[in-house]
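Take a look at the structure below.
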Amino acid sequence: MSKRDKNLWAGLNPAAQAALASRDYKAGFLSQQLAHSGVDAGELAAVDRRKPEIKKTWIPGVEIFSRTIHSQRHRGVFGEFVRRDEGILGKIGLWPKQWSAARMFARSAKGFHIHPPRIPSETTAQKWLRRLFVTEPSNYALRRYDEEQWDVMFFVQGGAEMILRDVRAGLPRRTMRFFVDGDNHRGRNNVGIVVPPGVAHAIRVEGSEDVIMIYGTSTIFHPEFEGRIASEIETAELPDSWQRFLVTGDR
């Protein structure tokens, strides 16, 4: 601390003064926030992804697109998810084969889970994934939506933090961290999200309200398509005394 800072905290004992630190409230560049502290999803939906600093940070294959939620006074809200053959999904040629719903209780989280990319037998994972997302990123016909699970996610209630981590072979390790609002919180953070296979994703509820999400998948549910990484947050362990009681043999 500076001399002026020391005078400010003169009322504390020396040990407390030595332990003091100031929070850094500087926002930093968007690319830095995206990889670390997190940003509003609406900012990502509107950003120019051609900018070098964004292109360097954005995970290839991830899409974040705006939704409009209409207020119906004295009744509620109305919002579309997506129209077939229109918008982002129309552009990339993806239409889910299965739609599902999930509710996350307040103060809960879904640990990192991931779906496996489908790699053609005649090439390597590194070569294939670089072709898909680096050398021919706009050649959407190459994507194997029918053979690997792509997720399309929407939030209709509550607020959530999403963290994405790219762990695909041959691609840079990138992290995207952002905040999404459900339809009951109308604003720029009402978005849809596309998560490609090979990108680990985690969700945790922000605030004290349950989160309800609707998501589509490019394939029907296959348990073998779901891998877990650092998902112990989802395990509600019984107290040790309960465990000991349950494993005690009959007497």
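Residues take their numbers from the sequence shown, with the count starting at 1. Values reported hereafter were calculated over all heavy atoms of this structure, with side chains retained and with hydrogens, waters and symmetry mates removed.
Residues Lys110 and Glu234 are not paired through a salt bridge, judged by the lack of any N-O separation under 4.0 Å between the basic side chain and the carboxylate. At a threshold of 4.0 Å, the pair Glu226-Arg228 counts as salt-bridged, since one of the basic side-chain nitrogens sits closer than that to a carboxylate oxygen. A salt bridge links Asp40 and Arg188; the closest N-O separation between the charged side-chain nitrogens and carboxylate oxygens is under 4.0 Å. Salt-bridge annotation for Arg103 and Asp210: present, with a side-chain N of the basic residue lying under 4.0 Å from a carboxylate O of the acidic one.
In the hydrophobic clustering of this structure, Val191 does not group with Val156; members are Ile, Leu, Val, Met, Phe, Trp, Tyr whose side-chain heavy atoms approach within less than 4.5 Å, directly or through other members. Linking ILVMFWY side-chain heavy atoms closer than 4.5 Å, directly or via other members, places Ile88 and Leu132 in a single hydrophobic cluster. A chain of hydrophobic side-chain contacts below 4.5 Å, direct or via other Ile, Leu, Val, Met, Phe, Trp or Tyr residues, connects Val194 to Ile214. Using a 4.5 Å cut-off between side-chain heavy atoms of Ile, Leu, Val, Met, Phe, Trp and Tyr, with links allowed through other members, Leu8 and Leu12 fall into the same hydrophobic cluster. In the hydrophobic cluster analysis, where Ile, Leu, Val, Met, Phe, Trp and Tyr join through side-chain heavy atoms closer than 4.5 angstrom, Val39 is grouped together with Val47.
Taking CZ of Phe133 as the reference point, atom CZ of Arg143 lies at 5.0 Å (rounded to 0.5 Å). Here the CG atom belonging to Leu89 is positioned 11.5 Å from the OH atom belonging to Tyr140, to the nearest 0.5 angstrom. Taking CG of Leu34 as the start and CD1 of Ile54 as the end, the distance is 7.0 Å to the nearest 0.5 Å. Between Leu164 atom CG and Ile64 atom CD1 the span is 7.0 Å, to the nearest 0.5 Å. To the nearest 0.5 Å, atoms CZ (Phe112) and CD1 (Ile233) are separated by 10.0 Å. Considering CG of Leu44 and CZ of Phe65, their distance stands at 13.5 Å, rounded to 0.5 Å.
Shortest non-hydrogen contact noted between Lys55 and Arg174 is O-NH1, 3.7 Å. Nearest heavy-atom pair, His70 versus Thr68, reported as atom, atom and distance to 0.1 Å: CE1-CG2, 3.6 Å. When every heavy atom of Met104 is checked against every heavy atom of Ile203, the shortest pair comes out as CE-O, 3.6 Å. Closest of all the heavy-atom pairs between Gly198 and Asp166 is O-OD1, 3.9 Å. The two atoms that bring Pro196 and Val62 nearest to each other are CD-CG2, 3.8 Å, heavy atoms only. Of all heavy-atom pairs between Asn190 and Asp181, the closest is ND2-O, 3.2 Å.
Two residues are said to be in side-chain contact when any heavy atoms from C-beta on lie closer than 4.5 Å; Phe245 and Leu238 fail this criterion. In this structure the side chain of Asn189 never reaches within 4.5 angstrom of the side chain of Val180, judged on heavy atoms. Using a 4.5 Å heavy-atom threshold, the side chains of Met176 and Trp58 count as touching. With contacts defined as side-chain heavy-atom distances shorter than 4.5 Å, the pair Ile59/Arg168 qualifies. A heavy-atom distance below 4.5 Å is found between the side chains of Arg186 and Ser71. Residues Met162 and Phe155 have side chains in contact (heavy-atom distance under 4.5 Å, counting atoms from C-beta outward). Within the 4.5 Å cutoff, the side chain of Ser218 has no heavy atoms near those of the Arg144 side chain. Inter-residue side-chain proximity for Glu237 and Gln243 is flagged as met; some heavy-atom pair is nearer than 4.5 Å.
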Worked check of side-chain contact (heavy atoms from CB on, under 4.5 Å) between Met153 and His201
CA-CA 11 Å; Met153 301 180 178; His201 42 292; 3.6 Å; yes
Candidate pair Trp150 and Val195, rule side-chain contact (heavy atoms from CB on, under 4.5 Å), full reasoning
CA-CA 6 Å; Trp150 289 64; Val195 181; over 6 Å; no
Test side-chain contact (heavy atoms from CB on, under 4.5 Å) on Ser208 and Arg107; report intermediate values, then the result.
CA-CA 7 Å; Ser208 58; Arg107 294 176 291 278; 4.0 Å; yes
Any chance you could lay out the side-chain contact (heavy atoms from CB on, under 4.5 Å) test for Glu161 and Arg177, step after step, and finish with the verdict?
CA-CA 7 Å; Glu161 176 186 18; Arg177 183 177 179 182; 2.3 Å; yes
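Other residues, nucleotides and ligands contribute more than 12 heavy atoms inside 6.0 Å of the CZ atom of Arg173. Other residues, nucleotides and ligands contribute more than 12 heavy atoms inside 6.0 Å of the NE2 atom of His222.
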Compile the donor-acceptor pairs under 3.5 Å between side chains in residues 114-123 and protein atoms, sequence neighbours left out, one pair per line.
| residue | atom | partner | partner atom | Å |
| --- | --- | --- | --- | --- |
| His115 | ND1 | Phe225 | O | 2.9 |
| His115 | NE2 | Gln149 | NE2 | 3.1 |
| His115 | NE2 | Asp151 | OD2 | 3.0 |
| Arg118 | NE | Glu147 | OE1 | 3.3 |

Only distances under 3.5 Å count here; give the side-chain donor-acceptor pairs of residues 94-102 to other protein atoms, sequence neighbours excluded, each with its distance to 0.1 Å.
| residue | atom | partner | partner atom | Å |
| --- | --- | --- | --- | --- |
| Lys97 | NZ | Asp146 | OD1 | 3.4 |
| Gln98 | OE1 | Phe221 | N | 3.0 |
| Gln98 | NE2 | Ser100 | OG | 3.3 |

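Side-chain atoms of Arg165 never come within 3.5 Å of backbone atoms of Ala200 as a donor-acceptor pair (strictly under, hydrogens ignored). Using modelled atom types, one side-chain atom of Arg67 and one backbone atom of Glu80 make a donor-acceptor pair closer than 3.5 Å. No donor-acceptor pair under 3.5 Å is formed between the side chain of Glu148 and the backbone N or O of Tyr145. Between the side chain of Asn184 and the backbone N or O of Gly158, at least one donor-acceptor pair lies under 3.5 Å.
Applying the side-chain hydrogen bond (donor to acceptor under 3.5 Å, both in side chains) test to residues at least two apart or on different chains, the pairs with a partner in residues 125-138 are Arg131-Glu136, Glu136-Asn139.
A side-chain N or O of Glu209 and one of His185 form a donor-acceptor pair less than 3.5 Å apart.
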